[in-house]
Undergrad: 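Below is a structure I'd like to ask you about.
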Amino acid sequence: ICPAFGTSERGLAYDPVTDTFYAGSWNDARIVQFDRSGAVLRAVQTGLSISGLAYNPATGHLFVLNNGDVGQADIFVLDSALSVIGQFDLTDGGAPLFAPFAQAGLELDCAGHLVAVDQQGHVGFGARSSEAHPDQRRALRYREAGHDHRVRAEVVVVEHQVIVIEEQGQTRVLGTR
């Protein structure tokens, strides 16, 4: 599956509810949604330097990791129309986790945590969000129930050596530098 994007793509996410894919790039700042045949369903200009994508089928939100300079948000949250509905930075005690233009890769794990990759530091940072669980079996129930899905994140870094996610008072190691 490879639509004629016209440029190299930096992020890829899958929507199991519609069985479609999202791709995006910092080269053209657009997100392309396409199906398994490679047919482009839509292409939306975002103005973002896309370096990673993650999709939550429970909420219909697409997370965009922005490869930007200090002062620009690290993560943008888009709705099903691919309009920005939220944004936040990944910080440790208020200090940015990413050096300028270090953001490169984003994933949403089965527990609803975002994992963002630092291409300069060669490490992944975990972020907890208030998003509903991305489990595909729950996706339609959450949408039908009309839950309010405000987005917030919390990142915990221990001595800048071990990257962890705090989950209900417990800590889970994601990786080390």
Side-chain angles (χ1 to χ4, degrees), residues 1-68 73-90 103-117 124-155 165-168 172 174-175:
I1 307 171
C2 192
F5 293 117
T7 188
S8 64
E9 299 302 300
R10 303 296 175 180
L12 179 68
Y14 175 66
D15 176 357
V17 175
T18 62
D19 193 30
T20 60
F21 301 86
Y22 295 92
S25 175
W26 62 53
N27 294 314
D28 59 9
R30 70 184 184 143
I31 293 175
V32 177
Q33 185 179 18
F34 58 98
D35 65 19
R36 286 189 178 274
S37 73
V40 173
L41 305 175
R42 63 181 167 160
V44 176
Q45 182 57 240
T46 65
L48 302 173
S49 295
I50 302 161
S51 60
L53 296 173
Y55 186 78
N56 187 341
T59 62
H61 292 163
L62 182 66
F63 293 88
V64 177
L65 183 63
N66 184 52
N67 183 266
D74 293 319
I75 307 277
F76 286 83
V77 186
L78 282 59
D79 62 14
S80 60
L82 301 181
S83 298
V84 174
I85 60 170
Q87 65 188 47
F88 56 90
D89 289 311
L90 299 180
Q103 305 89 339
L106 188 64
E107 186 57 72
L108 184 71
D109 72 12
C110 292
H113 301 113
L114 290 167
V115 180
V117 176
F125 297 115
R128 179 177 58 197
S129 79
S130 63
E131 288 276 311
H133 194 283
D135 185 324
Q136 179 180 353
R137 295 172 304 224
R138 298 181 182 181
L140 294 177
R141 283 187 302 202
Y142 276 100
R143 284 189 184 167
E144 290 171 358
H147 288 283
D148 181 13
H149 302 290
R150 294 190 187 106
V151 179
R152 56 191 152 85
E154 179 179 337
V155 175
I165 294 175
E166 185 180 319
E167 186 175 350
Q168 298 176 358
R172 181 173 63 131
L174 290 182

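Every value quoted in this text rests on a predicted model; they were computed, and no experiment measured them.
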Undergrad: Would a distance-only check, ignoring hydrogens and angles, find a side-chain to backbone donor-acceptor pair under 3.5 Å from Q45 to G47?
TA: yes
Undergrad: Could you tell me whether the side chain of R10 reaches within less than 4.5 Å of the side chain of L65, counting heavy atoms only?
TA: no
Undergrad: Apply the side-chain contact (heavy atoms from CB on, under 4.5 Å) test between Y22 and each candidate in L41, V64, L82; give the one that qualifies.
TA: L82
Undergrad: Measure across A23 and F34 and return the closest heavy-atom pair with its distance rounded to 0.1 Å.
TA: CB-CE2, 3.8 Å
Undergrad: Counting N and O atoms only, with roles assigned by atom type, does the side chain of T20 sit under 3.5 Å from a partner on the main chain of D15, one being a donor and the other an acceptor?
TA: no
Undergrad: V17 and P57: which non-hydrogen atoms are nearest, and at how many Å?
TA: CG2-CB, 3.8 Å
Undergrad: What are the two closest non-hydrogen atoms of A73 and D89, and how far apart are they?
TA: CA-OD1, 3.1 Å
Undergrad: Set out, in order, the CA-CA distance, both residues' side-chain angles and the distance that settles side-chain contact (heavy atoms from CB on, under 4.5 Å) for L78 and I31, then state yes or no.
TA: CA-CA 11 Å; L78 282 59; I31 293 175; 3.6 Å; yes
Undergrad: Assign the ring pair F21 / Y14 to parallel, tilted or perpendicular, where the plane angle (0 to 90°) is split at 30° and 60°.
TA: tilted
Undergrad: For R30 and A43, which heavy atoms make the closest approach, and how far apart are they?
TA: NH1-CB, 3.5 Å
Undergrad: Could you go step by step and tell me if S51 and N67 meet the side-chain hydrogen bond (donor to acceptor under 3.5 Å, both in side chains) rule?
TA: CA-CA 6 Å; S51 60; N67 183 266; 4.5 Å; no
Undergrad: Got a second to check how far F63's CZ is from F88's CZ, nearest 0.5 Å?
TA: 6.0 Å
Undergrad: Atom NE2 of H61 and atom CG of L108: how far apart are they, to the nearest 0.5 Å?
TA: 12.0 Å
Undergrad: Return the CG to CG distance between L90 and D74, rounded to the nearest 0.5 Å.
TA: 5.0 Å
Undergrad: Quick one: pull up CD in Q87 and CD1 in I75 and give me the separation to the nearest 0.5 Å.
TA: 11.0 Å
Undergrad: Rounded to the nearest 0.5 Å, how far apart are CG of D28 and OG of S49?
TA: 10.5 Å
Undergrad: Heavy atoms, side chains only, cut-off 4.5 Å: are N66 and I50 in contact?
TA: no
Undergrad: To the nearest 0.5 Å, tell me how far L53 CG sits from L106 CG.
TA: 7.5 Å
